[in-house]
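In what follows, a single structure is set out as structure tokens and then discussed.
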Amino acid sequence: MVIDCLKSGFYKAWRQKRMILLFYVFNLFFAYLLFAPVFYRLKAFLGDSTMNEILGGKMDMGFLFEFLHYKGDGLFAHVLIPVVVYLFISLFLSGGALTVFASHNKGTLQHAFWGGGAQYFARFIRLFFWSLIILVALLFVPWGLFTFLQKAIWGGDPSQVIIVWGFFVKLFVTIILVLVYAMIVDYARIRTVLNDEKKMRVMIYQSLVFVFANFVKTFSLTALFFFIGLVWLVVYNLIADFFIAPDALVIAFLIVTQQIYIIARVYLKLGRYAAEMDLYDSLSFSS
Amino acid sequence: MMHTFKCVFLLIFFFAMGNAQPVLFETPLSPRIANYDIDVRLQPESNSLQAKQTLYWENTSQEDVTELRFHMYLNAFRNNQSTFLQYSRKKRDKEEWGYIKIDSLWDTKALVLPDQMEYIQPDDDNKHDKTVLRVPLRRALRPGEKLMLNFIFTSKLPEPPIARTGASDDFYMVGQWFPKIGVLQNGEWNCHQFHRNSEFFADFGVYNVRITVPKDWIVGATGILVEKTTNEDGTVIHYYHAEDVHDFAWTTSPNFVEFSGEADDVEIRVLMAPEHRGQGKRFLKAAQIAVQTFQEWYGDYPYPNLTVVDPKPDAMRAGGMEYPTLITAVTLYGLPKGFKFVEQVIIHEFGHNYWYGMVASNEFEESWIDEGVNSYVESRIMREHYGESTSFIDFCGIRIGETDYHRSAYLNYKNYDPTVRKAWEYYSGSSYTINSYSRPVVFLTTLENYLGDKVMRQILETFFREYKFKHPKTEDFIKVANKVSGQDLDWFFEQALFTNNVLDYSVSYLSSREVKNSYGYDFNYKIGSDSLAEKSSDTVMSDSSADSKRDTLHLSMESDVTLQVDSTISMQGARLDTMKSSEEDTTLYHTVIKVRRVGDFVFPVELEFVFTEDDTVTEKWDGKELWTQFEYLKPQQLISATVDPERKIVLDVNITNNSKMREESKLGPRKIGARLLFWMQNLLELPALLHL
Ligand SMILES: [Zn+2]
């Protein structure tokens, strides 16, 4: 069932190429908002120095330190606002995407997408804020409970072996729990769209019940998507390593590879929405 | 290299015969002015030391001495009013305090007046500081007269360690723990208080130290282990002997994991915290590289052994410290090999056995000599063994060279202080650190590139040879550098050491235009070759009314002839154009490059002007004026102009402004832009990776 949902998710997302493009364009646009101030500051600092040419190859650490020293002030301060705005826009877009997948291609795509986005935007924002309680509760397990247990067992001044391995264990558990949190949010959104639900607290609770009632299946699907994302990241890095020569054509290939990777990430995200909706459908139906 | 000690080492085994003390060096390597016999017992339950000390001291000055002065370093941690701790806002538990107190003091000639001894504060008049003890004498001690002083003292070690000394559970790093006599220089005591940023200064001598610790505890100490004897109460006395050193430190713990090896003729013992046992071989390897390279480059390490101590993780503040023949390193459990600070610290601390240990400069007053020279040498060795651009970090594609790291640190405090300053007189702790470590790395690397690696090595080798077992000063280093290089380098050291001058050269203007019209003024010039006079005479015209000084004009024709312009004629600011050359159809370009000295630091620079791939002109400029100008008339257009093209002048605080291109390259910005945009796209999608 899980593999079937995965396949159908990818298939359904593939049929929505315009939606993939739209998600990608939004990503590109907001990334540009983040990129532009840094880049133009960098370009101004570079002036017409030969460093322009040198940087076509490997990063020059002497230059990087110099740039950060002279022009680094407040460089990252502006990052926060576009990231937050993008998060909310993503909520809007996810409403649109889920509506499209829920409509089974009935009605026009534009109508379903934009209409759905607008219809569920406010609910998804409420859902997001309520869900933060779940996130905090989940993260308390590794960073509160585990830390407390560590202290109780090994004292306040444990061996470095415990500290280092303890950290890795906490990190691993954090990733798992963040995936669980994401599942809860995803299925709450899916249920909201499918049933036009309005009470988000109830949605979170019902989603929580749904996720844990079918934990093996829900988690398997989510973990599979997570794993595929990691594989793509590794593949991208392997390919990108070839494009280091200081040559205009090589740089062009690098840019193309990077953008293909980002599009693949967007496709993965939409595939997950579709697959999770399928899984929800089939599990609800069978129960 | 001379290795006499190995046979001398055997003499140790004969010492017991006559109950004499062992002998390491038949001929003393140093003036043995301050010699100590100490019996010390560790009392782990109170982190304290009970000790009896005999000091054999000689007045080697030409003056009478009416008082003695002692460093009582541990009193820096006595309370929050000490000069060391007065600005510390940290609240300390009672275990965290440390002190040293003399319970009794006497001498065989009844010269000292213990009733009148007092704490003094020669540096800052802080009456609460008790790190310098003055002991008046009943009568003056004459030049050449010797004194045998007996002390009974108690020391309490701070827990956890502070300033590289103290305890942590059953780990002890015991440094600066005994009453230590100051240095008498020209009849004056050089005995400074313990400051937050200062280190140490002492005279050489022989140490016989008997350390009593609980049974089965492992001990590491300065010098060599002579014997171990077990007391009736089960404790064990570890008898250590050291010669021609100016300090004695030791460590003990029941938990050390020992590794041993050798490098050349030096035995290396590594005492690892159990958690870090996996890195024992890494420590050993770094120590071997240090010993071998120092001996090869700078001279013999005369001592038979070296002990490397890895403090337990919660005593990391005991790490990264140098004592004669004993150093402390630092690491973290699971630290990847790409983070080179393990190697960096071990090579650095071993290096101090040369610069501080043997070349015993005054760390209070001229920290750049020990820390700066040593940091430079350490970075040079790191470059040699771990790669120029990977000697600091080489991990997951992140590559940072140690010189780059020091240069970036230097940028932050580039003009707060001159390099040479008393340790407590810098603008801040950071300024002290930068001026003592990073800035010397940067200017000594610049000097290395200027003089060549071989000459630089010879300078340091000579400095070591001439000043080992002495107390050299900054002027001595300069004297050696001048002598070995055969140059007067005062201009360099004056700026690098005694000013806060910043070095920055830039290519400020560049033009390279096709010559179209034949207009302008005439001027006089001499032509290098008579045969070319006719050909050149109608080639160049210039405005002779300009007034700035400029004595050469480089006019490279197709025949690559350089025309020398009459030195009385100035070209600066001149309008320079040309008649068409003798070959009517050759297009000529008039190129002007202006180079500025933006900083105050004057340094001769090399310049590179690229016309084509095969036509690169290199020039030299003494860099003294505020700016200079270069002009060329060539059939090729200029591509780029660069000051210091080989990046030899690491001191230059802005390398980006060192060059200009006539046509800006888009390559770098495109590459960085692509990567930056991609990072931002990923940043935005990061929550999606975790399905948020
Ligand atoms: Zn040091």
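The shown structure was predicted, so the numbers you read here are calculated from the model rather than taken from an experiment.
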Are more than 12 heavy atoms from other residues, nucleotides or ligands located less than 6.0 Å from atom [atom1] of [X]?
X      : atom1 : result
B/R277 : CZ    : no
B/F611 : CZ    : yes
A/F45  : CZ    : yes

Looking at [atom1] of [X] and [atom2] of [Y], how far apart are the two atoms once the value is rounded to the nearest 0.5 Å?
X      : Y      : atom1 : atom2 : result
B/L684 : A/I89  : CG    : CD1   : 10.5 Å
B/M680 : A/I262 : CE    : CD1   : 12.5 Å
A/F63  : B/N654 : CZ    : CG    : 9.5 Å
A/L42  : B/I672 : CG    : CD1   : 5.0 Å
A/F65  : B/L411 : CZ    : CG    : 10.0 Å
A/M61  : B/T390 : CE    : OG1   : 12.0 Å

What I'd like to find out is whether the side chain of [X] reaches to under 4.5 Å of the side chain of [Y], using heavy atoms alone.
X      : Y      : answer
B/L332 : A/Q160 : yes
B/Q681 : A/R265 : no
A/M59  : B/R399 : no
A/Q258 : B/L677 : no

(request) Before giving the answer on side-chain contact (heavy atoms from CB on, under 4.5 Å), spell out for A/L55 and B/K671 the whole-Å C-alpha distance, their side-chain angles and the decisive distance to 0.1 Å. (result) CA-CA 7 Å; A/L55 293 173; B/K671 177 107 174 215; over 6 Å; no

[X] versus chain A, the contacting section by heavy-atom distance below 4.5 Å:
X      : result
B/N658 : neither
B/T642 : side chain
B/T331 : backbone
B/V653 : both

(request) With a 4.5 Å heavy-atom cut-off (strictly below), which parts of residues 161-173 of chain A touch chain B? List them by number. (result)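 Hits under 4.5 Å: A/V161, A/V164, A/W165.
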
(message) So if I take each residue of residues 21-31 of chain A and look for any heavy atom under 4.5 Å from a heavy atom in chain B, which residues do I end up with?
(response)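 Residues of residues 21-31 of chain A touching chain B at under 4.5 Å: A/Y24, A/N27, A/L28, A/F30, A/A31.
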
(request) Could you look at A/L34 and say if it's the side chain, the backbone, both or neither that has a heavy atom under 4.5 Å from chain B? (result)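 Both backbone and side chain.
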
(message) Let's go through B/E685 and A/Y86 carefully: what are the C-alpha distance in whole Å and the side-chain angles of both, what is the deciding distance for side-chain contact (heavy atoms from CB on, under 4.5 Å) to 0.1 Å, and is it a yes or a no?
(response) CA-CA 10 Å; B/E685 286 300 313; A/Y86 182 74; 2.5 Å; yes

(request) Heavy-atom pairs under 4.5 Å with chain B are the metric here; pick the option from A/V83, A/V266, A/D60 that has the most. (result)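 Of the options given, most contacts go to A/D60.
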
(request) Determine the minimum heavy-atom distance between B/R670 and A/A248, stating which atoms define it. (result)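 Residues B/R670 and A/A248, closest heavy atoms: NH1-CB, 4.4 Å.
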
(request) Grab the two heavy atoms, one from B/A674 and one from A/I255, that are nearest each other, plus how far apart they are. (result)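 Shortest heavy-atom contact: CB-CG1, 3.4 Å.
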
(request) Kindly state each residue pair satisfying side-chain hydrogen bond (donor to acceptor under 3.5 Å, both in side chains) with at least one member in residues 42-58 of chain A, sequence neighbours excluded. (result)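 Every pair satisfying side-chain hydrogen bond (donor to acceptor under 3.5 Å, both in side chains) with a residue in residues 42-58 of chain A: A/D48-B/K660, A/S49-B/S659, A/T50-B/S659.
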
(message) Looking only at heavy atoms and a cut-off of under 4.5 Å, which of B/G334, B/G401, B/S408 has the most pairs with chain A?
(response)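 Among B/G334, B/G401, B/S408, the one with the most close pairs to chain A is B/S408.
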
Got a list of side-chain donor-acceptor pairs under 3.5 Å for residues 231-244 of chain A, not counting sequence neighbours?
{"unit_1": "A/N237", "atom_1": "ND2", "unit_2": "A/L233", "atom_2": "O", "d": "3.1"}

